[in-house]
Amino acid sequence: MQNIRLYLFSFVFCVIEIFAQGYENPVIPGFHPDPSVCKADDGYYLVNSSFQYFPGVPLFYSRDLVNWEQISNCLTRNSQLKLDGAGAGGGIYAPTIRYDNGTFYMITTNVSDGGRNFLVHTKDPRGEWSEPVWLEQGGIDPSLYFEDGKCYMVSNPGGYIVLCEINPMTGEQLTPSRKIWSGTGGRYPEGPHIYKKDGWYYLLISEGGTEVAHSITIARSRFIDGPYIGNPANPILTHACQAAETNQIQGTGHADIVEAEDGSWWMVCLAYRAMPGFHHILGRETFLAPVRWGKNAWPVVNGNGTISLKMDVPTLPLYPVAERPEKIDFKNEVLSSEWVHLQNPIKENYRFKNGNLRLMATPVTLNQWKSPTFVGIRQTDFDMEAATSVSLESKNAGDEAGLTIFMEFDSHYDLFLQQNNDNTKSVVLRYKLGEMEHIEKVVSLTKKADIELNIKSDISYYYFGYTVDGVYHEIGKMNTRYLSSETAGGFTGVIIGLYAVSASEKSNAFADFKYLKYKAE
Ligand code: 6LW
């Protein structure tokens, strides 16, 4: 009897496994643009661009293309990634990841380090990647295609796509760069990738720019260097159409395609979840769509070339990944791979002490396009609550430490503890919006007590407050839209940062953070 039950259970479990149905987009929420995906022996690997943040190029792993876990970052050393002066339009642009013959390759551009293309490689994607192999072919959005022991590189120098053959271990360019396609006439043909199927080389690109007109188009040729002929049914994915005019997902583009273990085809792409007025603050996120790709046929994305938040389609068997705890503490004395710094951090300013994260304050402010003492995680939900318990050790008026809703050096909302002249402290709420810096509120704290700084948000507002002795005090609210990419500029999304800034070089101020709570509502 017991055995029969066991068989029945296993049977039902298998049926559920085989016929998994439906998933939610985005599959990687928050600022995770320009996704590129590859299949390796044990599952799928995905990378995103990272701009001014260090470490660079987050690396995700999945067994089912739906549930992704960040396992590391590709660029973890200063020798791989120099971010001096980089803002949200600088640093690391669109990467590509490929797996060939036991080796992983990640190729990208650092527009803040001479705009040069380079690749790094590794046999162990959970470990360290190689030093950069610098490449001669310019342009952004480089990608690799491997065939018969040869390695081809495509990129976008502006207006068209070029191809050459390279030696991926030395970077040597083996053939001249050759123009192969300029798209269907949409602006900014970019984000190229090459695939081979049924004897055809397919060239997938984006057009229209990364805003609402963003589209995915495709061309094919019998020869790798062309001539490439466009698909008469282009674009194969866009939300710049009537079918998607009321869809919250906008700006669909910059895609990559992968064939799954079971022969099904899938596309990852970027898009954003729009707020009223087509604004967005969460950055361009990673979405997933099924692709129908018959023999000798053009690929068709999710039936009609649009995608949705709830995808009612069959999936691979699903393997959910562990969720991050709502309260992240620092007792293990590590910052997991999702934590990022602005530009190259000064390592000794980040310490662990008595189970706390200790940030050593420096005079570099959040406005300076340098590397302040700052570390944060992405905002991944419109409706969320973030909180931290912070104590500031300081003898100098003007030293500060707290929480920032950071979009860009010129666009952030800061909620912090500040040292006063008379050895007391205040909670301060400050807005930085372009040329304007505004102190919204200063609340003097009358007694020494543990302070929790609280930020809540919905799609329209951030609400700021603090909690003392278990009592929450709200001190202000501010519109989300002034931090949007449309207003602030750049290619990133909001990062919730912990930071410490001193008023002078001489200050030895530091701040101890007990935890960062992040709760999606
Ligand atoms: C990226 C380009 C793009 O290099 O935006 O949306 C640029 N597509 O392909 C920065 O992410």
Side-chain angles (χ1 to χ4, degrees), residues 26 28 30-37 46-53 56-58 74-75 83 86-97 106-119 135 137-144 153-162 181-183 186-194 203-218 235 237-240 249-257 267-274 278 280 282-287 307 378 407-408 485-486 488-493 495:
I28 309 181
F31 150 52
H32 291 104
D34 304 319
S36 169
V37 65
L46 183 149
V47 288
N48 299 107
S49 40
S50 51
F51 303 95
Q52 79 272 49
Y53 289 102
V57 184
C74 298
L75 305 175
L83 291 170
I92 292 292
Y93 274 32
T96 295
I97 188 165
M106 189 285 293
I107 183 171
T108 186
T109 318
N110 185 346
V111 301
S112 299
D113 188 11
R116 287 183 296 167
N117 289 321
F118 66 98
L119 63 82
L135 302 160
Q137 182 167 289
I140 58 166
D141 304 347
S143 179
L144 297 172
M153 169 183 174
V154 279
S155 60
N156 147 44
Y160 50 89
I161 308 301
V162 285
W181 200 41
S182 50
R187 63 186 167 199
Y188 308 125
E190 59 190 5
H193 295 297
I194 287 183
L203 174 61
L204 183 81
I205 69 163
S206 295
E207 302 183 40
T210 198
E211 299 83 20
V212 280
H214 220 186
S215 307
I216 299 293
T217 57
I218 195 162
L237 168 67
T238 189
H239 279 204
I249 304 170
Q250 292 295 324
T252 48
H254 202 109
D256 198 1
I257 296 180
M267 174 180 277
V268 291
C269 68
L270 70 70
Y272 56 87
R273 283 179 283 169
F278 284 118
H280 71 290
L282 298 182
R284 298 167 303 159
E285 311 177 283
T286 294
F287 291 73
I307 57 175
R378 287 155 171 84
M407 179 55 125
E408 171 59 306
S485 299
E486 288 67 22
F491 294 124
T492 61
I495 302 279

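Read the numbers this way: they start at 1 and go in the same order the structure lists the ligands and their atoms.
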Closer than 4.0 Å to some heavy atom of Ala94 - which atoms of ligand 1 meet that?
4 (O)
One finds that the ligand 1 atoms under 4.0 Å from a non-hydrogen atom of Ile140 are 4 (O)
What I want to check is whether the side chains of Asn48 and Thr286 have a donor and an acceptor closer together than 3.5 Å.
yes
If only atom types and distance count, is the side chain of Gln52 paired as donor or acceptor with the main-chain N or O of Ala86 below 3.5 Å?
no
Looking only at protein heavy atoms, identify the closest one to atom 2 (C) of ligand 1 and say how far it is in Å.
Asp141 OD2, 3.4 Å
For atom 8 (N) of ligand 1, the protein heavy atom that lies nearest, with its residue and separation
Glu190 OE2, 3.3 Å
If the cut-off is 4.0 Å to any non-hydrogen atom of His214, which atoms of ligand 1 fall inside it?
6 (O)
Here the atoms of ligand 1 under 4.0 Å from any heavy atom belonging to His254 are 2 (C), 8 (N), 9 (O)
Between Ser206 and Glu190: side-chain donor-acceptor atoms closer than 3.5 Å:
no
I'd like to know whether ligand 1 has Phe51 as a neighbour, heavy-atom separation below 4.0 Å.
yes
Keeping Asp256 on the side-chain end and Met267 on the backbone end, is there a donor-acceptor pair under 3.5 Å?
no
What is the closest protein heavy atom to atom 11 (O) of ligand 1, and at what distance does it sit?
Asp34 OD2, 2.5 Å
Ring pair (Phe, Tyr, Trp, His ring centres under 6.0 Å) filter on Phe51, not counting sequence neighbours, yields Tyr93, Phe491
Give me the residue, atom name and distance of the protein heavy atom closest to atom 5 (O) of ligand 1.
Arg284 NH1, 3.3 Å
Looking at Tyr272, does the NZ or CZ of Arg284 lie under 6.0 angstrom from its six-membered ring centre and within 45 degrees of the ring axis?
no
Partners passing ring pair (Phe, Tyr, Trp, His ring centres under 6.0 Å) against His32 (at least two apart in sequence or in another chain):
Phe60
Under a 4.0 Å heavy-atom limit, does Leu270 contact ligand 1 with its side chain, its backbone, both, or neither?
side chain
Is the backbone of Val154 close enough, under 3.5 Å, to the side chain of Ser143 for a donor and an acceptor to pair up by distance?
no
Nearest to atom 6 (O) of ligand 1, what protein heavy atom do you find, and at what distance?
Thr210 OG1, 2.8 Å
